[in-house]
Amino acid sequence: MTSDVNLELSEIQKPIPENDQVLVKLKAAALNKRDDWISQGKYPNIKPNTVLGADGAGVIEAVGQDVAPSIIGDEVIINPNINWGDDPKVQSSSYHILGMPMNGTFAEYVVIDSDRIHAKPKYLSWAESAALPLAGLTAFRALFKQGQLKQKENVLISGVGGGVAQFAFQFAYAAGANVYVTSGNQEKLDKCISMGAKGGYSYKEEGWFKKAHQETGGFDVVIDSAGGNQLNDFIKIMKPAGRIVFYGATNGTPQKLDMFRMFWNQITLQGSTMGNDQEFKEMVSFVNDHQLKPIVDSVRPFDQIISALDDMKAGKHFGKLVVKIGQRLIS
Ligand SMILES: NC(=O)c1ccc[n+]([C@@H]2O[C@H](COP(=O)([O-])OP(=O)(O)OC[C@H]3O[C@@H](n4cnc5c(N)ncnc54)[C@H](OP(=O)(O)O)[C@@H]3O)[C@@H](O)[C@H]2O)c1
């Protein structure tokens, strides 16, 4: 295995659900950039010997004493938010995400509070179900709550090859917006155009944003996670009162910020992260209502999870990287 960090597959005790907890026997788990950041040591409060993984889908196998046993056997997905808190606008100081510091879904079993589980959308496969929670929630809040995207508005989804960006693309299209995308990869642009995007631009091409502005008339909403100096290009192509929503900063902070253009054009720059529990429910309903299927790049056996993390770093994937869990992992 070629990961540059000390990840290992090992045997641990099967967890026991207590009080209001349930034990989920996992069928599939999906990777997120967060798992990569953790495995590179670039994430806050890393606790050694933690099982990674925020996303998973499976079957309830046992429940704690405060949970009705009638739910045993239910097929579920897991809301990876832990302790969002009472304020729908912002998470509490004790907020964290499943899979660090508490044990996550890259395992045969996970124990989780019963209010974290939701019915698995019936029409989705295990892999598609596992792919949905974290990235789907992040995209949903960014687009509809923070970005206030409306039907027929122009939205630009930046870096559409990303796990969250793909949901943003699918959700925005389903909501009836005019969806445009950027990517560093022409194949990904072509794929999105074949799936309904009105146009695609390579962010690697010098001056791409001028062409985008000319062809579209500008954007009401931009959804981005790359950050860096490109932020100033977005500011140039916003319609008046446009909203730029960012949920990551993979390329760091911009060296300067075009504040003059921002205040004159009433541009909002809005940070966003995951989403509250109500938004999780709304996101799952939205997906069910539109019968959306998460885009899955590949489904691999669990013991290839470290090579899947390597592939995530390389960025060649289109869709979520998923591992299936089913057989004994270590015999
Ligand atoms: N705040 C939150 O709750 C939250 C939740 C999830 C993720 N995140 C953060 O958001 C970022 C993306 O996460 P992810 O899971 O979607 O990761 P991912 O699946 O690894 O996606 C990364 C994507 O970034 C795109 N990219 C690279 N350079 C770019 C540039 N200059 N301009 C535009 N796009 C560029 C690439 O798109 P192409 O392949 O199309 O070139 C790449 O596929 C990470 O920093 C992650 O930590 C935050």
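Both counts, for ligands and for their atoms, begin at 1 and track the order of listing. One is the number of the first residue; the rest follow in order along the sequence.
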Does some non-hydrogen atom of the protein lie less than 4.0 angstrom from atom 24 (O) of ligand 1? no
Could you tell me, atom by atom, which parts of ligand 1 come under 4.0 Å of a heavy atom of [X]?
{"X": "Val160", "answer": "40 (O)"}
{"X": "His317", "answer": "19 (O)"}
{"X": "Thr250", "answer": "11 (C), 44 (C), 45 (O)"}
{"X": "Gly159", "answer": "25 (C), 33 (C), 34 (N), 37 (O), 40 (O)"}
{"X": "Leu134", "answer": "5 (C), 6 (C)"}
{"X": "Thr273", "answer": "1 (N), 2 (C), 3 (O)"}

Which protein heavy atom lies closest to [atom], and at what distance to 0.1 Å?
{"atom": "atom 36 (C) of ligand 1", "result": "Tyr203 OH, 3.7 Å"}
{"atom": "atom 7 (C) of ligand 1", "result": "Val164 CG2, 3.9 Å"}
{"atom": "atom 47 (O) of ligand 1", "result": "Trp37 NE1, 2.7 Å"}
{"atom": "atom 32 (N) of ligand 1", "result": "Gln230 NE2, 3.1 Å"}
{"atom": "atom 39 (O) of ligand 1", "result": "Lys188 NZ, 2.8 Å"}
{"atom": "atom 19 (O) of ligand 1", "result": "Gly163 N, 2.7 Å"}
{"atom": "atom 15 (O) of ligand 1", "result": "Lys33 CB, 3.3 Å"}
{"atom": "atom 12 (C) of ligand 1", "result": "Ser225 OG, 3.4 Å"}

Just say parallel, tilted or perpendicular for the rings of Phe286 and Phe144, cut-offs at 30° and 60°. tilted
Criterion side-chain hydrogen bond (donor to acceptor under 3.5 Å, both in side chains) on Gln166 and Gln170, from CA distance to verdict: CA-CA 6 Å; Gln166 281 173 2; Gln170 285 183 294; over 6 Å; no
If we only consider heavy atoms of [X], is any one of them less than 4.0 Å away from an atom in ligand 1?
{"X": "Arg34", "value": "no"}
{"X": "Ser272", "value": "yes"}
{"X": "Lys316", "value": "no"}
{"X": "Leu189", "value": "no"}
{"X": "Ser158", "value": "yes"}
{"X": "Asn32", "value": "no"}

Measuring from atom 30 (C) of ligand 1, which candidate in Ala226, Ser202, Ser183 has the nearest non-hydrogen atom? Ala226
Judged on heavy-atom distance to atom 22 (C) of ligand 1, which of Gly228, Gly227, Gly162, Gly248 sits nearest? Gly162
Ligand 1 to Gly161 polar contact by distance, N or O atoms, under 3.5 Å: yes
Could an N or O of ligand 1 be found under 3.5 Å from any N or O of Ala165, whether backbone or side chain? no
Before you tell me yes or no, could you show the steps for Tyr123 and Gln291 under side-chain hydrogen bond (donor to acceptor under 3.5 Å, both in side chains), namely the whole-Å CA-CA distance, both residues' side-chain angles and the distance that decides it to 0.1 Å? CA-CA 8 Å; Tyr123 68 97; Gln291 296 278 292; 4.8 Å; no
Could you tell me whether Lys236 and Asp258 make a salt bridge, using a distance below 4.0 angstrom between a side-chain N and a carboxylate O? no
N-O pairing of Asp277 and Arg116 below 4.0 Å: yes
Please check: side-chain N/O of [X] versus main-chain N/O of [Y], any donor-acceptor pairing under 3.5 Å?
{"X": "Glu75", "Y": "Val59", "answer": "no"}
{"X": "Ser92", "Y": "Asn83", "answer": "yes"}
{"X": "Lys320", "Y": "Leu31", "answer": "yes"}

Under 4.5 Å between side-chain heavy atoms, hopping through other hydrophobics if needed: is there a path connecting Phe140 to Leu149? yes
Are Val222 and Phe167 connected into the same hydrophobic cluster when the rule is that any two of I, L, V, M, F, W, Y join if their side-chain heavy atoms are below 4.5 Å apart? no
Between Lys89 and Asn276, is any side-chain donor less than 3.5 angstrom from a side-chain acceptor? no
Heavy-atom closest pair, residues Ala28 and Trp126: CB-O, 3.6 Å
Tyr247, portion touching ligand 1 at heavy-atom distance under 4.0 Å: both
How does Asn251 reach ligand 1, if at all, at less than 4.0 Å between non-hydrogen atoms: by side chain, backbone, both, or neither? side chain
Trace of the side-chain hydrogen bond (donor to acceptor under 3.5 Å, both in side chains) decision for Asn178 with Glu153: CA-CA 6 Å; Asn178 302 320; Glu153 283 191 325; over 6 Å; no
With a cut-off of 6.0 Å (strictly less than), are more than 12 heavy atoms of other residues, nucleotides or ligands near NZ of Lys33? yes
Got more than 12 heavy atoms from elsewhere within 6.0 Å of CG, Asp289? yes
side-chain hydrogen bond (donor to acceptor under 3.5 Å, both in side chains) evaluation trace for Gln146 with Tyr247: CA-CA 10 Å; Gln146 310 287 36; Tyr247 55 89; over 6 Å; no
